[in-house]
Amino acid sequence: MDHIKSAIRTIPDYPKPGIMFRDVTTLLGDAGAFRAAVDAMVFPHAGKKIDKVAGIEARGFILGGAVAHQLSVGFVPIRKKGKLPHTTLSQSYELEYGTDEVEIHTDAIKPGESVLIVDDLIATGGTAEAAIKLIRSAGGEVVGCSFVIDLPDIGGAKRIESHGVKVASLVAFEGE
């Protein structure tokens, strides 16, 4: 995991002072680290019945697509409101200052399908929580969430686990 963690760039004071932004684009550009991250994201779910991988916009599309490929299953994009061209289901969630919404196509998940949620980072867990609710509203069963980065001091993983969903993350950045 050290190779993965060292491939993630930290940008201080972005997008505002006091924030340590964890940039996975450097990991994505490092073939060995990218491969190791995808393999490690798949490993905790080996042997589970998974029908689809749902990736949260935008970096979750890259990682989720690769994870879906490794698992030989379909991919579902979870997009911000207004970005999908067909009939959608939507779920709102709270932001620090207001609300936002994520959507999937109504036919993206069939009732009873097992879905793994993938994204680059879990912080507050608001978007991932909305993704869980969205998949469940479509009739899907969330079998887990897989993230490259966890910021445990913020508490998002615990928030997701309070919904009965197991969280797997590769590296943690605590107190930074």
Side-chain angles (χ1 to χ4, degrees), residues 1-44 53-70 75-84 90-104 116-135 142 144-163 165-176:
M1 295 305 160
D2 287 341
H3 183 208
I4 294 169
K5 191 169 187 175
S6 66
I8 298 166
R9 175 174 33 212
T10 298
I11 303 170
D13 300 319
Y14 182 83
K16 62 184 185 179
I19 302 290
M20 299 295 279
F21 185 82
R22 307 305 176 176
D23 178 15
V24 296
T25 62
T26 48
L27 177 136
L28 299 174
D30 177 328
F34 184 32
R35 175 65 184 231
V38 171
D39 289 347
M41 292 177 88
V42 168
F43 181 76
V53 170
I56 300 172
E57 188 168 342
R59 291 167 302 276
F61 292 177
I62 300 163
L63 294 160
V67 168
H69 174 76
Q70 287 287 91
F75 177 77
V76 176
I78 299 177
R79 303 240 26 210
K80 299 211 171 162
K81 183 175 175 67
K83 300 289 185 178
L84 292 170
S90 66
Q91 178 65 50
S92 63
Y93 61 100
E94 297 293 319
L95 298 168
E96 190 175 357
Y97 301 104
T99 61
D100 207 348
E101 283 184 66
V102 289
E103 297 180 324
I104 60 172
L116 173 65
I117 297 171
V118 171
D119 204 359
D120 66 324
L121 181 139
I122 179 86
T124 67
T127 310
E129 180 181 54
I132 291 167
K133 291 177 179 177
L134 190 58
I135 290 164
V142 179
C145 291
S146 197
F147 304 96
V148 174
I149 301 166
D150 181 16
L151 303 178
D153 296 342
I154 299 177
K158 287 185 174 150
R159 180 177 181 177
I160 296 311
E161 289 174 345
S162 76
H163 289 276
V165 176
K166 177 126 175 72
V167 173
S169 57
L170 306 182
V171 297
F173 287 91
E174 297 185 64
E176 297 178 41

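Since the model is a prediction, treat every value here as computed from it, not as a measurement. Values reported hereafter were calculated over all heavy atoms of this structure, with side chains retained and with hydrogens, waters and symmetry mates removed.
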**Student:** Between Val38, Leu121, Leu63, which is the residue that forms a side chain to side chain contact (heavy atoms under 4.5 Å, CB included) with Val148?
**Tutor:**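 Filter result, single survivor: Leu63.
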**Student:** Quick check for you: to the nearest 0.5 Å, what is the distance between Asp120 atom CG and Met41 atom CE?
**Tutor:**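 Asp120 atom CG to Met41 atom CE measures 8.5 Å (nearest 0.5 Å).
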**Student:** Report yes or no: does Thr26 contribute a side-chain atom to a donor-acceptor pair with the main-chain N or O of Ala7 at less than 3.5 Å?
**Tutor:**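 It does hold such a pair.
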**Student:** So which of Glu101, Arg79, Glu103, Lys81 actually passes side-chain hydrogen bond (donor to acceptor under 3.5 Å, both in side chains) with Ser90?
**Tutor:**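 The single option meeting the side-chain hydrogen bond (donor to acceptor under 3.5 Å, both in side chains) with Ser90 is Glu101.
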**Student:** From Leu116 CG over to Cys145 SG, what is the distance, rounded to the nearest 0.5 angstrom?
**Tutor:**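 Answer for the CG-SG pair, Leu116 versus Cys145, is 7.5 Å.
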**Student:** Grab the two heavy atoms, one from Leu27 and one from Ala37, that are nearest each other, plus how far apart they are.
**Tutor:**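 Looks like CD2-CB, 4.0 Å.
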**Student:** Quick check for you: to the nearest 0.5 Å, what is the distance between Met20 atom CE and Thr10 atom OG1?
**Tutor:**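 Atom-to-atom, Met20:CE and Thr10:OG1 are 5.5 Å apart.
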**Student:** Look only at the side chain of Asp13 and the backbone of Gly18, and say whether a donor-acceptor pair between them is shorter than 3.5 Å.
**Tutor:**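 Yes, Asp13 side chain to Gly18 backbone: donor-acceptor pair under 3.5 Å.
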**Student:** Work out which heavy atom in Ile149 is nearest to a heavy atom in Ser169; give both atom names and the distance.
**Tutor:**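 Reported closest heavy-atom pair: C-CB, 4.4 Å.
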**Student:** Testing the basics here: between Val167 and Glu161, what is the closest heavy-atom pair and its distance to 0.1 Å?
**Tutor:**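 Closest pair (atom of Val167, atom of Glu161, distance): N-OE2, 3.5 Å.
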**Student:** Any idea which heavy atoms bring Asp153 and Glu174 closest together, and the distance?
**Tutor:**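 Answer, listing the atom of Asp153 first, then Glu174: OD2-C, 3.4 Å.
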**Student:** Given Lys5 and Phe173, is the side chain to side chain contact (heavy atoms under 4.5 Å, CB included) satisfied, shown in steps?
**Tutor:** CA-CA 9 Å; Lys5 191 169 187 175; Phe173 287 91; 3.5 Å; yes
**Student:** Check step by step if side chain to side chain contact (heavy atoms under 4.5 Å, CB included) holds for Lys80 and Asp100.
**Tutor:** CA-CA 8 Å; Lys80 299 211 171 162; Asp100 207 348; 4.3 Å; yes
**Student:** Locate the shortest heavy-atom distance separating Lys133 from His163; write the atom from each residue and the value.
**Tutor:**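 Closest heavy-atom pair between Lys133 and His163: CE-CE1, 4.2 Å.
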**Student:** Quick one: list whatever passes side-chain hydrogen bond (donor to acceptor under 3.5 Å, both in side chains) with Asp119, sequence neighbours left out.
**Tutor:**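 So Asp119 forms no side-chain hydrogen bond (donor to acceptor under 3.5 Å, both in side chains) with any residue.
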**Student:** Atom OG1 in Thr25, atom CD1 in Ile11: separation rounded to 0.5 Å?
**Tutor:**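 Rounded to the nearest 0.5 Å, the OG1-CD1 separation comes out at 7.0 Å.
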**Student:** Please enumerate all residues that pass ring pair (Phe, Tyr, Trp, His ring centres under 6.0 Å) together with Phe21, with sequence neighbours excluded.
**Tutor:**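 For Phe21, the residues satisfying ring pair (Phe, Tyr, Trp, His ring centres under 6.0 Å) (neighbours in sequence not counted) are Tyr14.
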**Student:** Please examine the side chains of Asp30 and His3, heavy atoms only from C-beta on, and report whether any two atoms are closer than 4.5 Å.
**Tutor:**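 Side chain of His3 against side chain of Asp30, heavy atoms only: contact under 4.5 Å found.
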**Student:** If you look at every heavy atom in Gly125 and Ile160, which pair is closest and at what distance?
**Tutor:**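 Reported closest heavy-atom pair: O-CD1, 3.6 Å.
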**Student:** For the atom pair CG (Leu134) and CD (Gln91), what is the distance rounded to the nearest 0.5 Å?
**Tutor:**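 Here the interatomic distance stands at 6.5 Å.
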**Student:** Do Ile135 and Ile78 pass the side chain to side chain contact (heavy atoms under 4.5 Å, CB included) test, and can you show the C-alpha distance, the side-chain angles, and the key distance before you say yes or no?
**Tutor:** CA-CA 9 Å; Ile135 290 164; Ile78 299 177; 4.3 Å; yes
**Student:** Is Arg159 salt-bridged to Glu129, cutoff N-O under 4.0 Å?
**Tutor:**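 Yes, Arg159 and Glu129 are salt-bridged.
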**Student:** Look up atom OG1 in Thr127 and atom CD1 in Ile132, then write down how far apart they are to the nearest 0.5 Å.
**Tutor:**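 Spacing of OG1 (Thr127) from CD1 (Ile132) equals 11.0 Å.
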